[in-house]
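What follows is a single structure, written as structure tokens, with notes after it.
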Amino acid sequence: MSNLEKNLKKALKLGEFRLFYQPKLDLTLGKIIGVEALIRWQHEEKGLISPLDFIPIAEKTGLILPIGEWVLRTACKQNKDWQEAGFPPMVMAVNLSARQLYQANLIEMVARILKETGLSPQYLELEITESMMMEVEYVLEIVKKLKQIGVQISLDDFGTGYSSLYYLKEFPFDSMKIDKCFVRNCTEDIKDATIVKTIIAMAHELDIDVIAEGIESKGQLIFLQQNLCNKGQGYLFSKPVPSEEFIRTINEVESI
Ligand code: C2E
Ligand code: CA
Ligand code: CA
Ligand code: CA
């Protein structure tokens with residue numbers, strides 16, 4: 001077992017993982033419509049560790065299963081707590097990893113966590129990516145079962161993997177996310193601009209919600225608004241922050 005693997009196990013036991021929250025906004029109204037939960041590892045010596053530095057190992061070793069379950073439970077409980085504290089209901093998005101999608105009891109686990117936390121399924125959204133479609137028909141069955149429970153499904157990082165328009169046709173996605181790599185230069189690079197515009201137009205035609213990620217500038221926001229992308233997230237509004245701070249940013253974000 002590698003050191004990192006040992007440390008990840010210990011981190012889980014010691015409760016060193018944290019969820020940070022980033023708002024998703026309605027770009028026309030400037031209102032928060034949802035939130036994405038993003039994991040961090042609060043290491044006692046190294047400080048905050050990015051998911052990019054440990055999620056791949058967690059996936060390889062299978063530790064992503066207990067970590068993923070912790071993420072799901074914590075995010076659902078947090079969303080329920082906010083609702084009970086009187087905040088307007090929001091959809092909480094949770095990232096799933098490939099391993100989780102192929103985990104035998106995923107459906108039961110999601111149903112159980114919703115029941116345990118008392119969160120209504122319409123307020124949970126699971127984000128999956130194209131790279132998880134190793135066995136497309138199997139994944140389609142899982143996604144349909146998740147939809148039957150009542151949770152929403154979002155296609156993350158659209159266009160960055162082995163994209164197939166087949167997925168968009170066959171899968172009952174509620175929304176798709178335009179990856180930040182296309183948004184980054186959409187105001188300067190004609191190719192990125194074209195890709196972003198085309199994804200938005202296609203999503204509208206297919207009647208799938210489209211959300212742009214990685215919005216950092218006012219210019220990008222205006223470009224997206226002009227091209228009728230009405231949902232987005234990014235540093236322009238807020239970075240992912242701890243729950244206490246998220247609650248404080250709600251009011252500030254809505255006045256941008
Ligand atoms: P992702 O799901 O595509 O998440 C979006 C990433 O973009 C997040 O990085 C977020 O902090 C970052 N981001 C948001 N707005 C902006 C912006 O305006 N500019 C830029 N440059 N970046 C922005 P983060 O939090 O480091 O997460 C990285 C990846 O790690 C995620 O990509 C996701 O694939 C994975 N991840 C995070 N949390 C979890 C989790 O709980 N479970 C699993 N399985 N994967 C997770
Ligand atoms: Ca995501
Ligand atoms: Ca993404
Ligand atoms: Ca990504």
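Whatever order the structure lists ligands and atoms in, that order sets their numbers, starting from 1.
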Applying the salt bridge (Lys or Arg N to Asp or Glu O under 4.0 Å) test to D209, which of K24, K177, K231 qualifies? K231
Under the 3.5 angstrom rule, does the side chain of D26 hit a backbone N or O of L29 as a donor-acceptor pair? yes
Any chance CG of L48 has more than 12 other-residue heavy atoms, nucleotides or ligands included, within less than 6.0 Å? yes
Would you confirm whether the ring centroid of W82 sits within less than 6.0 angstrom of the ring centroid of Y123? no
Run the salt bridge (charged side-chain N to carboxylate O under 4.0 Å, His left out) check on R73 and E69 step by step: do they pass? CA-CA 6 Å; R73 179 174 295 106; E69 180 166 351; 3.1 Å; yes
Check step by step if side-chain contact (heavy atoms from CB on, under 4.5 Å) holds for F182 and T198. CA-CA 11 Å; F182 302 121; T198 307; over 6 Å; no
Contact check: Q100 vs ligand 1, nitrogen or oxygen atoms, below 3.5 angstrom: no
Protein N/O/S atoms under 3.0 Å from the Ca ion (ligand 2): how many? 4
Ligand 1 to D157, heavy atom cutoff 4.0 Å, flagged ligand atoms 3 (O)
With respect to E127, determine whether any N or O atom, backbone or side chain, lies less than 3.5 Å from an N or O atom of ligand 1. no
Report the part of V71 in contact with ligand 1, treating N, CA, C, O as backbone and CB onward as side chain, heavy atoms under 4.0 Å; options are side chain, backbone, both, neither. side chain
Nearest heavy-atom approach of A193 to C186 is CB-O, 3.4 Å
Report the part of L52 (side chain from C-beta onward, or backbone N, CA, C, O) that has a heavy atom under 4.0 Å from ligand 1; answer both or neither where that applies. side chain
Classify the ring geometry of Y167 against F171: parallel below 30°, tilted from 30° to 60°, perpendicular beyond 60°. perpendicular
Should K180 be listed as contacting ligand 1, given a heavy-atom distance under 4.0 Å as the test? yes
Which option wins on minimum heavy-atom distance to atom 27 (O) of ligand 1: P51, S50, S131? P51
Among the heavy atoms of R40, does any lie under 4.0 Å from an atom of ligand 1? yes
Nearest non-hydrogen contact with atom 14 (C) of ligand 1 belongs to which option: Q22, E213, E36, E59? Q22
Should the heavy atoms of other residues, nucleotides or ligands under 6.0 Å from NZ of K77 be counted, would the total exceed 12? no
Could you tell me which atoms of ligand 1, counted from 1 in the order shown, lie closer than 4.0 angstrom to a heavy atom of G234? 15 (N), 18 (O)
Using distance alone, determine whether I39 and ligand 1 share an N or O pair under 3.5 Å. yes
Would you say P240 touches ligand 1, if touching means a heavy atom closer than 4.0 Å? yes
Note: T129, heavy atoms under 4.0 Å from ligand 1, region reported as neither
Once you measure the plane-to-plane angle for W70 and F17, does it fall in the parallel (<30°), tilted (30-60°) or perpendicular (>60°) bin? tilted
Per-residue contact class, D179 against ligand 1 - non-hydrogen pairs under 4.0 Å: neither
Flag if over 12 foreign heavy atoms under 6.0 Å of CD, E188: yes
Interatomic spacing from CD in E36 to CE in M92 - rounded to 0.5 Å: 10.0 Å
Can you tell if the side chain of L19 reaches within under 4.5 Å of the side chain of Q78, non-hydrogen atoms only? no
